[in-house]
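Please read the structure below before turning to the comments.
Reminder, nothing fancy here: chain letters follow the sequence lines and each chain counts from 1. Note that the structure is predicted; figures quoted are calculated from it, not measured.
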Amino acid sequence: MKDSTRKILDSAFTAFSRVSLFIVGTAVIGFILPIALKGIGAFMFTATVEHEKFLSENLDYSLSKSDKERIRKSDAARQKLWEMIDSYESSKDSSQPLEKISDLRISTFNKAIKDKDKLKSILSQTPSKRAKLIKEYAEGAWRAYADALDDAERGASGFLFQKFISEQERKLESDAEIFAEEICKGAKISRMARNSLRRNFITYPISLLNACRERFAEKNSAYLSMKGGIIELIGPRSLKEKEDMKLTRQKYGQTRLDIAQRVLSEDIAKISIRKISQGGIPIMDRVSSKEYFGNSVPGQILEYVEKHFDELLQPHFTIYPGFFTDNPIDANIFGGIYPMILGTFYLTVCAMIVAAPLGIAAAIYFSEYAGNGRIANFLRMCVGTLAGVPSIVFGLFGLAFLINTIKVSDGKSVFAGSLTLALLILPTIIRTCEESLKAVPNSYREGALGLGAGKWRAICGVILPAALPSMLTGIIISMGRAAGETAPIIFTAATSAGLAIGLSDIFTQPTPALPWNIYNICSEHEMAERVGHVQYGMALTLICIVLFLNLSAIFIRAKLQNANKNK
Amino acid sequence: MTTLVQERKNKHIQNVQNSPVMTSADYVITARDFSVYYGEYKAVKDVNIALNRGKVTSIIGPSGCGKSTFLRCINRMNDLVPGCRTTGKLMMEGIDLYHKRLDVVELRRKVGMVFQRPNPFPKSIYDNVAYGVRLKGRPPQTQLDGIVETSLRRSGLWDEVKDRLKSSALGLSGGQQQRLCIARALAINPEVLLMDEPCSALDPKSTARIEDLIAELSGEYTIAIVTHNMQQAARVSDYTAFFYEGVLVEFGETSKIFTNPKNEKTNDYITGRFG
Ligand SMILES: Nc1ncnc2c1ncn2[C@@H]1O[C@H](COP(=O)(O)OP(=O)(O)O)[C@@H](O)[C@H]1O
Ligand SMILES: [Mg+2]
């Protein structure tokens, strides 16, 4: 080859390797960095006052002085908000006081009772004529009531109006009953005629009230939608309301500023309203609260929340180490990931306890005893094949064989999962250990045997210690693999929810575990977007565990080798 | 020495029973029509030789002539090579070394070996020397300390390492490592010491030390040493065996072989015409 060609090839190759290194590097950074940043956000974040409230009430944390101060300040700000809400919901500020409408109802009935004779003569007509005449009469009689209602609705901003309408309807029904009774008293009037009077006399006001309700339904659904958002943001107002809630997530507002801001922009500043479409079918529509409410009282409430957001929630930076040591509460919306960490720890360590001795024994057999015979090579091939089996197949095997056939446990258990994981990493351990043993110079074997050591003593006393550093490396790296595997534990050990289990439960109980719960929380969680930080926190924890194991493998190796060299 | 022989004979009395005693007490190792095969390849061909007690015998010859192979048969190190087999007889003090009921482990304790490349274990200096002793049981610490010290003194290493017995043997220089290996072999009190080119990986100064050491040890131990260095063979050995293509061409007192070889090939080899 000519010198120039060699140079060109050389530089082409260097350039190529640099490019590929660069790609790998950016991939790693682009992959690890976001996870790390978001994961750190799981335990170092801007919390709201609800965070400390939750911790002190559920996980026995004590409140610091500044926490108490924050709670006090936020309570003060909330007090004003609740007052606004209260006054809106019970407001009577319409131009026509609602009592007056009630009075009008009663007086209409009374007036009609005075027209007893006229009504009686109407009732003696034929049924079809009689209904028509009653309606005509009623329309005249209810004119004043209708006008007052119209007036009241136009001015009503009060939430109370809705209730008032229902109440009026109920009262109209019961009053009509009495009214019909009164008219027919002492006269020979058929039951049918009396019913017709009762019904037809109030058809008109009822239809008015219905129309009114329809119009208010939309207004109210809009208001309730926003109020729901506010409660989601800051939690229910009173202890009693808190206790009535079933789920923990309903008892507290948002504990994290980032999510609180999202609630503000998505659930408060935007609302769902119930509208009747042209076909008469109710549909939900999302609109901007500001535009919808304008300057009305709900509009003012919205403005208050937006303006006093910080006072209501008291955002402050916090470090929450309990993320790693607390149990999760209400499907990981609150609390930490302790059971998942512990579960991963159990699974990994148990898998190691099973796989390491087996793997080392097999490796010793392959490297020191088996030679290169046909059977040994066949066994080696089996191990190689096992190493290539997809991990989900191991999971199925664990379920079908370990759990269903030989019944190592009644159902999923840490033990069954560990055995499955052990099986998964066994080939890797055998291989790396065999390689390590083979890398021990033959002169060590000869030296030991030459001094009169039996084969076994030579293995235990000289060969294993010499191979130990690199064997440990292989074993620890397999441990990292076991820690991160998801598929084998899906069927054999993992449960999505659950608390940390004790050491005595590992033979009978399933456990949460990081890899499975990462999957679970982002794909099966009903509020997945609210627990994104937990998911990243778990991912970061898992990465750190695996990284820690790999680094300690490197460290142990270096340490042992140094110890061998210059003790 | 007689007690050692006695002790060993008692231990292996079963092995001895059906093997005829063929050698006089002056010969420790005796080979008779001894051949070694690697598979079909005959690496050592019908060798007849006897190594004198308490003497140094050097084995010389060009590369690949079967010196190591023969040497490694004496402590059955060739058992490690798959497909290696022997014919003929190889005896040690009347015992057939290839008898099927021979205790190989026991044999290797009687026949120590030093290899071409120093191969101390990745352990401390002390543990290296004590390794062979500990294989046979747990002597009291003081006794073990004594054995370690004597062995290191004998191999001339004591003064250099007495302050760092607990440090790793891999930190020693090549020559020191080789002397450590010799000390390690001496610690279990063998009768025979086999050395396969013990100086070929060492610098001249270390080589000289080892040669001195061999001279000191002769008389007490029966030593067989393979070497490529004619001067070395001449300096350290009492007897010399010349191998050529698996055949023992000539064997006799070193002074005679080097001054007056009977065989032409021997002459050519020691004068450096080939090899
Ligand atoms: N393990 C082995 N397997 C097969 N052949 C071997 C083996 N060791 C040595 N040989 C062969 O036996 C012959 C003698 O080798 P050896 O005794 O090592 O020679 P040397 O005299 O250089 O020490 C050589 O031809 C070598 O190729
Ligand atoms: Mg050789």
Side-chain angles (χ1 to χ4, degrees), chain A residues 364-380 433-473 556-567, chain B residues 72 74-83 103-136 164-172 177 180-181 183-190 193-196 201:
Chain A
I364 290 176
Y365 170 75
F366 277 134
S367 136
E368 306 298 318
Y369 290 93
N372 263 325
R374 223 184 256 170
I375 298 177
N377 278 338
F378 175 73
L379 287 175
R380 279 197 188 95
C433 288
E434 190 188 347
E435 293 309 315
S436 318
L437 286 168
K438 280 192 171 153
V440 172
N442 234 342
S443 65
Y444 288 0
R445 286 184 188 86
E446 289 181 339
L449 295 177
L451 289 168
K455 191 155 190 173
W456 184 240
R457 308 260 333 236
I459 290 170
C460 292
V462 176
I463 300 169
L464 270 185
L468 200 64
S470 69
M471 277 168 79
L472 272 182
T473 312
I556 288 175
R557 190 195 181 110
K559 187 104 191 170
L560 285 178
Q561 275 175 350
N562 266 347
N564 275 343
K565 265 196 199 102
N566 37 13
K567 231 186 208 165
Chain B
R72 288 161 61 89
I74 299 175
N75 70 347
R76 297 266 305 259
M77 232 18 164
N78 270 352
D79 290 9
L80 301 184
V81 180
D103 182 350
V104 179
V105 166
E106 200 55 39
L107 167 70
R108 287 177 186 155
R109 295 182 70 80
K110 298 287 172 213
V111 183
M113 185 154 194
V114 177
F115 298 85
Q116 181 170 1
R117 297 191 144 274
N119 61 345
F121 302 133
K123 298 171 182 287
S124 71
I125 294 170
Y126 185 97
D127 287 343
N128 261 283
V129 182
Y131 180 80
V133 184
R134 283 175 173 152
L135 287 173
K136 260 299 219 187
R164 47 171 177 148
L165 290 176
K166 292 286 166 216
S167 57
S168 171
L170 299 185
L172 297 174
Q177 287 188 1
L180 179 67
C181 291
R184 189 173 69 182
L186 297 180
I188 50 171
N189 235 327
L193 204 53
L194 308 175
M195 297 177 151
D196 191 352

Side-chain heavy atoms of A:F366 within contact of A:L379, under 4.5 Å: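 Yes, side chains in contact.
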Top contributor to chain B interface from A:L451, A:N372, A:N442 [non-hydrogen pairs under 4.5 Å]: A:L451
Give, as side chain, backbone, both or neither, the part of [X] having an atom under 4.5 angstrom from any heavy atom of chain A.
| X | value |
| --- | --- |
| B:R72 | side chain |
| B:V133 | neither |
| B:I188 | side chain |
| B:P120 | backbone |

A:R380 versus A:N377, side-chain donor and acceptor atoms under 3.5 Å: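 Present: a donor and an acceptor within the cut-off.
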Spacing of A:E434 atom CD and A:E368 atom CD [to the nearest 0.5 Å]: 9.5 Å
N/O donor-acceptor pair under 3.5 Å between B:R108 side chain and B:R76 backbone: yes
A:Y369, OH: over 12 other non-hydrogen atoms inside 6.0 angstrom: yes
